[in-house]
Amino acid sequence: MTLGELARARDIEPPHDLRRHKGWVGQLFERLLGADASSRDEPDFTALGVELKSLPVTEDGRPVESTFVCTVPLGELEAVPWETSRVRRKLARVLWVPFEGDPAIAVPMRRVGAPFLWSPSSLEEMALRDDWEELGGIIGAGGVESLSARVGRYLQVRPKAANARSRRRAIDDEGLILSTLPKGFYLRTRFTAAVLAANLHTRA
DNA sequence: TATTGATCATGC
DNA sequence: GCATGATCAATA
């Protein structure tokens with residue numbers, strides 16, 4: 001179905017473009033599927049422990065964008081083990097919903113692909129854990145300010161804020177409190193592209 | 001042109 | 001303010 005058909009079923013008016021409605025598609029899917037976590041720090045489907053992620057794709061089935069995972073906990077020096085990290089919790093069980101992400105296609109005309117339920121394989125989890133430990137190590141050592149989005153093979157840290165003036169308390173490399181731009185963990189497209197590929201060929 | 005860094009909307 | 005949902009737009 002198209003986003004327009006789905007929106008009409010819920011009596012929702014699709015925006016002309018996503019410029020000022022960046023989360024519109026994800027929120028439409030949430031409402032259609034009955035996600036109940038609202039904006040709480042829990043899986044979208046609390047009883048199922050499933051996280052919903054919309055995934056814009058190009059015409060050849062590659063993700064258009066990186067995927068936001070969760071905010072980076074700044075200001076805490078103690079090391080959090082991977083096992084209890086927010087990144088791992090978020091990605092433990094995900095319902096990926098691909099849809100046409102080409103901005104040239106009018107929002108209501110964009111088609112939705114076949115969703116699939118996914119959990120990281122042991123290989124994928126190891127890779128994510130490696131990145132997470134590297135990134136966490138830098139942040140834990142007070143290196144937030146020098147951390148660039150180029151670090152991390154599949155997982156990266158990028159700004160996640162309302163604007164460049166947003167501030168968040170963090171710890172610098174001498175253990176002092178500093179004010180920095182809020183950051184988030186994102187999955188690179190190279191990771192989601194592999195997930196997509198592995199889950200689409202089965203229906204060829 | 002792919003990626004990084006910046007930004008937009010909503011709920012509590 | 002900080003969590004959720006992300007895409008935009010300047011830069012490398």
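Order of the sequence lines fixes the chain letters, A, B, ..., with proteins taken first and strands second; residue numbering starts at 1 for each chain. Here the structure is a predicted model, which means the values were calculated and not measured.
Of the possible donor and acceptor atoms, one in the side chain of A:Lys53 sits under 3.5 Å from a partner among the backbone N and O of A:Phe68.
Within the 4.0 Å cut-off from OP1 or OP2 of C:dC2, not a single side-chain nitrogen or oxygen of A:Thr71 is found. Close to C:dA3, at under 4.0 Å from its OP1 or OP2, lies a side-chain N or O of A:Arg168. Listed pair A:Arg150 / B:dG5 meets the phosphate criterion, a side-chain N or O lying under 4.0 Å from OP1 or OP2. At the phosphate of B:dT4, OP1 or OP2 sits under 4.0 Å from a side-chain N or O atom of A:Gln156. Dashed line: the shortest gap from a side-chain N or O of A:Lys160 to OP1 or OP2 of C:dA6 is not under 4.0 Å.
Remark: A:Arg129 engages A:Glu83 in a salt bridge, criterion side-chain N to carboxylate O under 4.0 Å. Classification of A:Glu51 and A:Arg89 as a salt-bridged pair fails, no side-chain N sitting under 4.0 Å from a carboxylate O.
Across all strands, A:Phe99 comes closer than 4.0 Å only to sugar-phosphate atoms, never to a base (heavy-atom distances). Residue-level contact check: A:Gly23 touches the bases, meaning some heavy atom is under 4.0 Å from a base atom.
Taking atom CD of residue A:Glu30 and atom P of nucleotide B:dG11, one finds them 12 Å apart after rounding to whole Å. In this structure, A:Phe68 atom CZ and B:dA6 atom C1' are separated by 14 Å, rounded to whole Å. Atom P of nucleotide B:dA6 and atom NZ of A:Lys183 are separated by 9 Å, given to the nearest angstrom. In this structure, A:Phe185 places its CZ atom 15 Å from P of B:dT4, rounding to the nearest Å. In this entry the distance linking CZ of A:Arg31 with P of B:dG11 reads 9 Å, nearest Å. Rounded to whole angstrom, the span from the CH2 atom of A:Trp96 across to the P atom of C:dA6 amounts to 9 Å. One interatomic measurement links the two molecules: OH of A:Tyr186 to C1' of C:dT4, which rounds to 12 Å at whole-angstrom precision. For A:Asp44 and C:dA3, the CG to P distance is 16 Å, given to the nearest whole Å.
Within residues 52-61 of chain A, the residues approached by DNA chain C to less than 4.0 Å at the level of any non-hydrogen atom are A:Lys53, A:Ser54, A:Pro56, in residue-number order.
For A:Thr189, the listed nucleotide lying nearest its side chain is B:dT3; candidates were B:dT3, C:dA6, B:dT4.
Applying the 6.0 Å contact sphere to CZ of A:Arg31 captures no more than 12 heavy atoms from other residues, nucleotides or ligands. The neighbour count for A:Arg190 CZ, taken as heavy atoms of other residues, nucleotides or ligands under 6.0 Å away, is above 12. When the shell of 6.0 Å around CG of A:Leu123 is examined, it contains 12 or fewer heavy atoms from other residues, nucleotides or ligands.
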Listing time: all N or O pairs from protein to nucleotides 8-11 of chain C that are below 3.5 Å?
residue	atom	partner	partner atom	Å
C:dC8	O4'	A:Lys22	NZ	3.4
C:dC8	N4	A:Glu65	OE1	3.3
C:dC8	N4	A:Glu65	OE2	3.2
C:dA9	OP1	A:Arg19	NE	3.1
C:dA9	OP1	A:Arg19	NH2	2.9

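The structure places OG1 of A:Thr192 at 12.0 Å from CG of A:Asn199, a figure rounded to the nearest 0.5 Å.
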